[in-house]
Amino acid sequence: MKKLLNVGFLCLLFLFVLSGCGKAEQGDVKKGKNWNYTVVPVQDCPKDFLKEIEKKKVNELQMTYEDGTYLYIAVGYGEQSTGGYSIKVQGLYEKGQDLCIETSLIGPDEDAVVRQKASYPYIIVKTERTEKNIEFI
C-alpha cells in the first residue's frame, strides 16, 4: 500500500511539472519576437516630436512619430510630485499584428534626496519603421 501511494505521488508530481512547462511555453509564444530599440536622449529626438511631447507631458502620454526611416515611441507618466522618477522599458516585441511596448514607472528610493518640485517623466525609444499597430502595455 505504501509503495502504491509513493507511485501515485510521483505521478501527480510529474503531471504538475509538465503542466507548468506547458504554461510557460504558451506565454512565450504569445509574446513574440523581441525588437531592437534604442532609448533616445532628448537632444537626439526629432524637434517636431519633442514639441508635441512637451505640450502633453503634464498628463500620461503614449505617442508615436515616424521620420521616414525610424519609428519613435514616447511613453510618459504625467506629473509626479517630486523628482527622482525614471522609466524602464520592460520590452518591445511583436504580438500578432501589433508591436507592443511595455514600460514601468520607477519611483525614487526611500532614502534618495530628490527635488521637491513636480517632474514629468517620459521616455523615447527609436526602432525600425513598421506598419504594425503600436500597443502600449
Side-chain angles (χ1 to χ4, degrees):
M1 181 71 170
K2 204 176 205 181
K3 191 172 186 177
L4 183 60
L5 286 175
N6 286 342
V7 170
F9 175 76
L10 288 175
C11 287
L12 284 174
L13 182 62
F14 182 73
L15 287 172
F16 178 76
V17 170
L18 282 180
S19 67
C21 293
K23 288 179 184 174
E25 288 172 8
Q26 288 173 355
D28 292 343
V29 170
K30 286 182 181 177
K31 190 169 181 179
K33 176 184 146 197
N34 286 326
W35 275 50
N36 292 327
Y37 66 89
T38 304
V39 174
V40 181
V42 173
Q43 63 270 19
D44 295 341
C45 182
K47 302 301 179 220
D48 293 342
F49 190 39
L50 194 54
K51 284 179 188 176
E52 289 301 310
I53 292 169
E54 288 296 318
K55 288 179 194 175
K56 297 178 180 181
K57 71 180 183 181
V58 174
N59 299 307
E60 289 187 18
L61 64 90
Q62 300 173 335
M63 301 171 59
T64 62
Y65 178 88
E66 289 184 16
D67 68 0
T69 306
Y70 296 105
L71 169 66
Y72 295 84
I73 304 169
V75 177
Y77 285 84
E79 183 174 331
Q80 304 299 316
S81 59
T82 67
Y85 287 85
S86 61
I87 299 171
K88 180 178 181 181
V89 177
Q90 301 290 341
L92 181 65
Y93 56 87
E94 288 181 22
K95 182 177 167 186
Q97 293 301 312
D98 296 331
L99 180 62
C100 301
I101 183 164
E102 279 188 63
T103 60
S104 59
L105 180 65
I106 301 169
D109 291 334
E110 286 184 32
D111 59 346
V113 177
V114 296
R115 269 185 343 178
Q116 296 303 311
K117 184 178 177 184
S119 64
Y120 310 91
Y122 61 86
I123 192 166
I124 303 167
V125 299
K126 177 173 88 171
T127 190
E128 64 187 76
R129 195 170 161 265
T130 181
E131 297 299 320
K132 291 185 173 291
N133 298 316
I134 309 303
E135 183 179 337
F136 296 88
I137 298 175

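Computed from a prediction, not measured in an experiment: that's the story for all the values here.
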Practice item. Might you point out which heavy atoms bring G68 and R129 nearest each other, and give the distance in Å? Key: O-CD, 3.5 Å
Check your understanding: So if you build clusters from Ile, Leu, Val, Met, Phe, Trp, Tyr with side-chain heavy-atom gaps below 4.5 Å, do Y77 and L50 land together?
Key -> no
Point to revise | 4.5 Å side-chain heavy-atom contact, Y37 and I101 | key: no
Point to revise | T103 vs V125, side chain to side chain contact (heavy atoms under 4.5 Å, CB included): CA-CA, chis, key distance, verdict | key: CA-CA 11 Å; T103 60; V125 299; over 6 Å; no
Give every donor-acceptor pair under 3.5 Å between a side-chain atom in residues 54-62 and any protein atom, sequence neighbours left out.
residue: E54; atom: OE1; partner: K57; partner atom: NZ; Å: 2.9
residue: E54; atom: OE2; partner: Y122; partner atom: OH; Å: 3.0
residue: K55; atom: NZ; partner: E52; partner atom: OE2; Å: 3.1

Revision key, fill the gap. Separation between CG (L71) and CD (E131), nearest 0.5 Å, reads 10.0 Å
Exercise for review: Taking all heavy atoms of C45 and all of I124, pick out the closest pair and write down the distance.
Suggested key: SG-CD1, 3.6 Å
Check your understanding: Take atom CG in N34; do more than 12 heavy atoms of anything else shown fall under 6.0 Å from it?
Key -> yes
Review point. Rounded to the nearest 0.5 Å, what separation is found between the CD atom of Q80 and the CG atom of L105?
Key: 5.0 Å
Check your understanding: Where does the angle between the aromatic ring planes of F49 and Y65 fall among parallel (under 30°), tilted (30 to 60°) and perpendicular (over 60°)?
Key -> parallel
Check your understanding: So, do Q116 and T82 sit near enough that their side-chain heavy atoms are less than 4.5 Å apart?
Key -> yes
Exercise for review: State plainly whether one hydrophobic cluster holds both I53 and Y72, where clusters connect Ile, Leu, Val, Met, Phe, Trp and Tyr through side-chain heavy atoms under 4.5 angstrom apart.
Suggested key: yes
Practice item. Look up atom OH in Y70 and atom OG1 in T127, then write down how far apart they are to the nearest 0.5 Å. Key: 10.0 Å
Check your understanding: Counting N and O atoms only, with roles assigned by atom type, does the side chain of D109 sit under 3.5 Å from a partner on the main chain of D111, one being a donor and the other an acceptor?
Key -> no
Check your understanding: Are F136 and I87 connected in a single hydrophobic cluster, I mean Ile/Leu/Val/Met/Phe/Trp/Tyr linked by side-chain heavy atoms less than 4.5 Å apart?
Key -> yes
Review point. Can you name the closest pair of heavy atoms from S119 and G83 and give their distance?
Key: OG-CA, 3.8 Å
**Study point:** Nearest heavy-atom neighbours spanning V114 and P108
**Key:** CG1-CB, 3.6 Å
Review point. Do I134 and M63 belong together in a cluster built from hydrophobic side chains that touch within less than 4.5 Å?
Key: no
Review point. How far apart are the closest heavy atoms of G96 and K132, and which atoms are they?
Key: O-NZ, 3.1 Å
Review point. Is it the case that more than 12 heavy atoms not belonging to Q43 sit under 6.0 Å from its CD atom?
Key: yes
Exercise for review: May I ask you to say whether E128 pairs ionically with K126, meaning some side-chain N is under 4.0 Å from a carboxylate O?
Suggested key: no
Review point. Do you know the tightest heavy-atom contact between A118 and Y120?
Key: CB-OH, 3.9 Å
Exercise for review: Indicate if V39 and L92 have the same hydrophobic cluster label, given that clusters are the connected sets of ILVMFWY residues with side-chain heavy-atom separations under 4.5 angstrom.
Suggested key: yes
